[in-house]
Asks: 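Could you have a look at this structure, given as structure tokens, before my questions?
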Amino acid sequence: MSELAITVLQFGLLLLLWILILSIIAAQGRDMMVSKRARTRAPRNEAPASAPEAESTPATVHHSGKTPRPRPRRLVISEGPLVGTEIELGSIPIMLGRAQECTVVLDDDYSSGKHARLFPQGSRWFLEDLGSTNGTWLGDEQLTRASTVEPGDRIRIGKTVLELRT
Amino acid sequence: MKSQDHDAHPKPRRNIELLLLLIALTIGIGAQVLVGLNLEDTIDQRYWTEGGVQVALALAFHIALRLRAKYADPFILPIVVTLNGLGIAMIHRLDFTNQYDGVADRQLMWTAVSMVAAIALLVLLRDHRRLRQLTYISLAVSVLLLFLPIVPGLGQDIQGAQVWVTIGGMSFQPGELAKITLGIFFAGFLANNRDLILLAGRKVGPLTFPRLQDLGPLFLAWLIALGVLIVQNDLGNALMFFGLFVAVIYVATSRISWVAIGVAFVAVGAVLAYQFVWHARNRFDIWLHPFDDEIYDQLYGSHQLVQGLFGLAHGGLTGTGLGSGSPQIVALANSDMIIVAFGEELGFLGLSAMLVLYLILFSRYMRAGLGTRDHFGKLLAVGLAMVLVLQVFVVVGGITRVIPMSGLVSPFLAAGGSALLANWLIVAIVLLISHAARRPIVVGPMLNTTGEGASGTEDPLRGRNTGEQDPVNESQGSATAPALKEGESFRE
């Protein structure tokens, strides 16, 4: 093979390498911009289950444009087998579930052993699902990540509904 | 760009992967044929069989993904296949020199073994969350793997680093696999204890330091890894394990104090190593004064580094062309210094393209971690991404005199079966994590698992063994009821 042909092929190889890179970047499209989307949108307004989440720690979950409310002091069970039960909120996380070691032992066939966890961060309380079978619902939406709970929000675990009160 | 709607069902995107895979294979096999053309080797049956093996392996992997992890990241496999193919081509090119012979065939064989192992892991594991159950077993296995080379009779000392194990004529670097097992341990441990480490702690100025008792097992693991590596004289791996540790703990807690502690530890470690380890002092001297005649001429001197720099300079912008340079002047040109061989023969354009490929691969690993919903998967993906990027940094940084040189090999490129196997297994794990991240969630009807009329006790093992935490089904399986589970069968 002539020297020229080989040189052309060598450059072709370099070109192909960059073509691969450019096609990967082109095909990625908006994929890498998800984190930006997640940061700018209001978390409650869209279906949380469908969009991939970018933030991992509860400390980075933001609520845009909400003024801080008074700190919740009680957790009240408003529906379900244990209706009327009240728990004082301190500064330690609260475990919800059927297991005996939970802070709030739910007598509910539809809840899991360690179903969900409420924990304080700053002046807010966050709710996190612990991989339960039937899921944890905040308002009308199923939790996919730790999310803030405001007083009056309905937390549904199985047939039990809980609320934070100030 | 076709708008890919995130709010609708995500697309599997396997066809894009196939297309990119074809470009990747063309690059790898084309490079090898170019080497043959340029060195006036006859392009015979052998080239086509070797190329055919690569095509078959890549397609097998692609089909396995189609069947078992439909929503896995479509970019990881093509990038890895490109790098692996280029590595084989360069090793093949160096086989034409006097120093090396038959290394390319061995590399191709190891590629086959690694890819088959990765496919097997992909098919058998199915869900990365099952690895979480192996948290403490991983710690034990890591210790075993790291200690194997210093067991008398098994271990072998090559070039001052005692990291090899020889069993029946086959030598292997068990420390490479410890990257994976330690990554699993760090991720599993921190996923379990994240809140404790995050919430409890003592505040010192702006930084919050965690309590010592929360970190006991983690520090123990880290000390063992580091101790063994210092005994083995393998500074590159020590740096990598330490970086993995700091990165995972930083991501788990989002506390900057960890990075501060980490940098302080590296500084102290570097001073101590310089004072007491001859091997390390030697590397420092080479790094700081490579052009000193005395250091250049001594045994284990800076000859390798300096010739590597000359090689990179010789490559220029477009390189000498595959087969036209003289990369064999540098010692270990087909393993530790293979980056130099690429820099010389493909030039700045080629080498920077490969570094960009590493960067994209790293970003895809991180993307898998960002997308997945469980803490363990996030931490594991980030840890494995750090393993990749630290290897590249230590190798390229060492060659270009940014940091002292230490014995790590560039992932997927360099000759060496153990590293190749470990890196392919990492690819399989990350692909599983990205599959979990992108697949659509189908929420089944509510289940009564323990109360009156519960049916969940029929087959309690089924739910437990899949390691699933929520009733997530493959989209094709959504018509059938999700696996039934008992209330207690969740994570820890």
Side-chain angles (χ1 to χ4, degrees), chain A residues 1 5-7 9-21 23-32 34-35 37 46-47 49-57 59-60 92-93 97-99 108-115 117 119 121 129-135 142 144-145 158, chain B residues 1-4 6-8 16 20 23-24 26-27 30-31 34 37-38 74-75 78-79 82 195 198-199 251 254 318-319 321-322 346-347 349-350 353-354 356-357 360 363 367 370-371 373-375 378 437-438 440-441 443 446-452 454 469-471 485 487-488 490-491:
Chain A
M1 234 183 186
I6 288 176
T7 312
L9 284 175
Q10 302 271 19
F11 280 111
L13 184 76
L14 293 181
L15 193 66
L16 204 57
L17 258 174
W18 281 101
I19 287 174
L20 177 74
I21 289 170
S23 24
I24 289 172
I25 291 170
Q28 276 183 357
R30 299 190 322 195
D31 191 40
M32 296 304 278
V34 167
S35 56
R37 276 167 46 92
E46 290 177 41
S50 54
E53 298 303 336
E55 276 99 358
S56 60
T57 54
T60 57
I92 51 162
R98 274 193 305 108
D108 187 328
D109 292 339
Y110 293 99
S111 83
S112 300
K114 289 180 179 171
H115 195 108
R117 207 173 56 111
F119 59 96
Q121 184 100 51
D129 187 84
L130 298 175
S132 59
T133 309
N134 288 321
Q142 190 173 4
T144 51
R145 59 168 178 175
Chain B
M1 232 52 49
K2 296 274 168 293
S3 73
Q4 193 206 346
H6 287 286
D7 297 330
I16 291 176
L20 294 171
I23 304 179
T26 316
I27 292 173
L34 259 177
L37 286 176
N38 210 2
F75 307 113
I79 294 174
T82 311
D195 299 324
L198 195 63
L199 292 173
V251 170
S254 67
T318 55
L322 280 170
L346 294 182
L349 283 178
M354 292 164 72
V356 170
L357 283 178
I360 298 176
S363 71
R367 186 69 191 77
L370 287 177
R373 295 171 187 90
D374 62 311
H375 289 308
K378 280 181 196 299
R438 292 185 67 241
I441 291 186
V443 181
M446 199 186 255
L447 305 174
N448 184 357
T449 52
T450 48
E452 290 273 316
Q469 292 166 0
D470 29 23
K485 277 170 269 187
E488 277 86 1
F490 306 115
R491 48 171 158 165

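It should be emphasised that the depicted structure is a prediction, and the values quoted were computed from it without experimental measurement. As a basis for the values below, the full set of heavy atoms in this structure was taken, side chains included, without hydrogen atoms, waters or symmetry mates.
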Asks: Let me know if Thr318(B) has heavy atoms under 4.5 Å from chain A in its side chain, its backbone, both or neither.
Replies: both

Asks: Taking atom CD1 of Ile21(A) and atom CD1 of Ile360(B), what is their separation to the nearest 0.5 Å?
Replies: 5.5 Å

Asks: Leu16(A) versus chain B, heavy atoms under 4.5 Å apart: side chain, backbone, both or neither?
Replies: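 Both parts, backbone and side chain.
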
Asks: Do Leu357(B) and Leu20(A) have side-chain heavy atoms sitting under 4.5 Å apart?
Replies: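 The answer is yes; the side chains approach within 4.5 Å.
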
Asks: Decide yes or no on side chain to side chain contact (heavy atoms under 4.5 Å, CB included) for Leu349(B) and Leu17(A), but give the supporting numbers first.
Replies: CA-CA 9 Å; Leu349(B) 283 178; Leu17(A) 258 174; over 6 Å; no

Asks: When rounded to the nearest 0.5 angstrom, what distance separates CG in Leu34(B) from CG in Leu9(A)?
Replies: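 These two atoms lie 5.0 Å from each other.
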
Asks: Just how far is it from atom CD1 of Ile27(B) to atom CG of Leu15(A), taken to the nearest 0.5 Å?
Replies: 10.0 Å

Asks: Drop me the distance from Ile16(B)'s CD1 to Ile24(A)'s CD1, to the nearest 0.5 angstrom.
Replies: 11.0 Å

